[in-house]
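Report on one structure; see the data block that follows.
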Protein chains: 2
Amino acid sequence: MHRHEGHDACHAGTGDILARAEALCRERGLQFTPLRREVLEAVAEAGKAQGAYDIAERLSAPGKRVAPVSVYRALDFLMDQGLVHRIASRNAFIPCAHGHAPGEGVIFLICRTCGGVDEASSEEVEGSLGRTLERAGFTPTHSILEVEGDCGTCRQRKLAP
Amino acid sequence: MHRHEGHDACHAGTGDILARAEALCRERGLQFTPLRREVLEAVAEAGKAQGAYDIAERLSAPGKRVAPVSVYRALDFLMDQGLVHRIASRNAFIPCAHGHAPGEGVIFLICRTCGGVDEASSEEVEGSLGRTLERAGFTPTHSILEVEGDCGTCRQRKLAP
DNA sequence: GCGGGTTTGTTACAGTGTATCACCGCGGCC
DNA sequence: GGCCGCGGTGATACACTGTAACAAACCCGC
């Protein structure tokens, strides 16, 4: 796991994420505006899932207020491009760590101790879920899978403090 | 699938649900008060996921207002007892259709057409998810799995209207 | 320069959920 | 009976999350 230490080890990927976003937008002919960049940066630096209002506050400074609605718009854009994910169980947002194959299912691992969110994926889970849905006669369009618990580092920290 | 027809075929289980709730509360020494009963009844009769404010409105009548906060408290109680589930992706609530084994994972199948929510479970999914989590060094406490799509009846209705 | 699309700012508002305090009813206890 | 504690409810207020609508700024091609 990464991106949830609470210190700067987790910030390592921020630059990569921004670079990837910039390249991806250029490739698709979309605008990677300063606001969108700042929002993505704020999400990437946080180390844990951020609410839209948290981001707005983080980006605001005396004399320069960023309204939540602007943050929501930037987040909508970034989600459309697959650059951030929304954690439904927390009403919060995280940067997309790895470029997923489009349509690939993602599993969010949410640590209740450090608040960090990691992503996982598993063809095995996806296959068994697909079979279960088919058996139920259900045609899926979109699925969310979020697991809360303790990440490895936090669990060890609890055992040996 | 059941409980999402939009007509009264889906109401069949309401009585069962109430009876089960009453028995369960008596067994556990908890109070199945009129308010809690009404909230559960409203959720069970609706045929689709209900927001807390929907329930409050449904239970309110001229001269008898039920405040949302009361509904939330009743819902918290009912969720603690496993009698209703919360659909995180919709901010809404549904009755628990079947008594699950405690700790058993539930898959919510949310029909985007009729709005009905069905429950499924699969040991296969649970097993593969457990293995994936273990591989990631993650210790789960609670997981939510919600799938959006078209239920069988709605899909057929679309193909042959 | 000009028209048309996109992005952003601003305000207002709708929807979701929680905190707090007062009150009520009920059962135990002296 | 009177008292107390406790869980449930009512009521108000508030915080948090998200969207609608419109105006202004910006950019880009023509």
Side-chain angles (χ1 to χ4, degrees), chain A residues 21-22 25-26 28-43 46 48-81 83-94 115 144 146, chain B residues 21-22 25-26 28-43 46 48-81 83-94 115 144 146:
Chain A
E22 197 166 351
C25 287
R26 196 169 39 234
R28 298 182 186 171
L30 301 171
Q31 301 178 238
F32 192 53
T33 66
L35 176 64
R36 290 169 180 175
R37 181 188 186 85
E38 285 169 32
V39 169
L40 179 57
E41 199 170 3
V43 172
K48 53 184 234 177
Q50 295 288 294
Y53 279 66
D54 297 333
I55 300 169
E57 194 177 351
R58 183 184 276 249
L59 295 185
S60 292
K64 178 209 171 199
R65 172 181 129 88
V66 177
V69 61
S70 299
V71 174
Y72 275 109
R73 285 191 287 229
L75 286 171
D76 285 342
F77 171 85
L78 294 169
M79 281 194 292
D80 284 344
Q81 306 312 317
L83 293 166
V84 309
H85 297 298
R86 180 186 150 82
I87 307 296
S89 60
R90 297 266 177 128
N91 296 326
F93 304 84
I94 60 166
I144 68 177
E146 301 175 7
Chain B
E22 197 165 351
C25 287
R26 195 169 40 236
R28 297 181 186 171
L30 301 171
Q31 301 177 241
F32 193 51
T33 65
L35 177 63
R36 289 169 180 175
R37 180 187 187 84
E38 284 168 32
V39 168
L40 179 56
E41 199 170 3
V43 172
K48 53 185 236 175
Q50 295 288 294
Y53 280 66
D54 297 333
I55 300 169
E57 193 177 350
R58 184 183 273 248
L59 295 185
S60 291
K64 178 209 173 200
R65 173 179 126 88
V66 177
V69 61
S70 299
V71 174
Y72 276 109
R73 283 190 288 230
L75 286 171
D76 284 343
F77 171 85
L78 294 169
M79 281 194 292
D80 284 346
Q81 305 313 316
L83 293 166
V84 309
H85 297 296
R86 179 185 152 81
I87 307 296
S89 60
R90 297 269 178 127
N91 296 326
F93 303 84
I94 60 165
I144 68 177
E146 301 176 6

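Below, read A as the first sequence line, B as the second, and so on, with proteins coming before strands; counting in each chain starts at 1.
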Exercise. Using a cut-off of 4.0 Å on non-hydrogen atoms, how would the nucleic acid contact of A:Arg90 be classed: base, sugar-phosphate, or nothing?
Worked result: nothing
Seminar exercise, completed: Closest non-hydrogen atoms of A:Glu38 and A:Leu59, given as atom of the first, atom of the second and distance, are O-CD2, 3.8 Å
For this session: Return the value, rounded to whole Å, for the distance between atom CG of A:Leu35 and atom P of D:dA25.
Result: 17 Å
For this session: Compare the minimum distances between each of C:dT16, D:dT9, D:dG18 and the side chain of B:Thr33, then state the nucleotide with the smallest one.
Result: D:dT9
Exercise. What closest approach, in Å, do A:Ile94 and A:Val43 show between heavy atoms, and which atom pair accounts for it?
Worked result: C-CG1, 3.4 Å
Problem set entry | Separation of D:dC6 C1' from B:Phe77 CZ (nearest whole Å) | 15 Å
Exercise. Please give, in whole Å, the distance from D:dC16 C1' to A:Glu57 CD?
Worked result: 12 Å
Exercise. Has A:Glu57 got more than 12 heavy atoms of other residues, nucleotides or ligands less than 6.0 Å from its CD?
Worked result: no
Exercise. Of the non-hydrogen atoms in B:Arg36 and B:Leu78, which two are nearest, and what is the gap between them?
Worked result: O-CD1, 4.0 Å
Exercise. Think A:Tyr72 has a side-chain N or O under 4.0 angstrom from the OP1 or OP2 of D:dG18?
Worked result: yes
Exercise. Touch check for A:Arg36, heavy atoms < 4.0 angstrom, all strands: base, sugar-phosphate only, or nothing?
Worked result: sugar-phosphate
Exercise. Is B:Arg73 side chain donor-acceptor paired with the D:dG10 base, going by distance under 3.5 Å alone?
Worked result: yes
Problem set entry | Separation of atom CZ in A:Arg65 from atom C1' in C:dT10, rounded to whole Å | 8 Å
Exercise. Expressed in angstrom and rounded to an integer, what is the separation of B:Gln50 atom CD from C:dG17 atom C1'?
Worked result: 17 Å
For this session: Would you indicate, yes or no, if D:dG18 has its OP1 or OP2 atom less than 4.0 angstrom from a side-chain nitrogen or oxygen of A:Asn91?
Result: yes
Problem set entry | Minimum-distance nucleotide (side-chain atoms of A:Tyr53 versus D:dG18, C:dG17, C:dT10) | D:dG18
Problem set entry | Closest listed nucleotide, where the reference is the side chain of A:Val69 and the choices are D:dG8, C:dT6, C:dT11 | C:dT11
Exercise. Would one find a side-chain N or O of A:Ser70 under 4.0 angstrom from OP1 or OP2 of C:dG9?
Worked result: yes
Problem set entry | Least distance between heavy atoms, B:Val66 atom then B:Ser60 atom | N-OG, 2.9 Å
Exercise. C:dA14 C1' sits how many Å from B:Asp54 CG, rounded?
Worked result: 13 Å
For this session: Report the distance from atom CG of A:Leu75 to atom P of D:dT19, rounded to the nearest whole Å.
Result: 11 Å
For this session: Specify the separation, in whole Å, of atom CZ of B:Phe93 and atom P of C:dG15.
Result: 16 Å
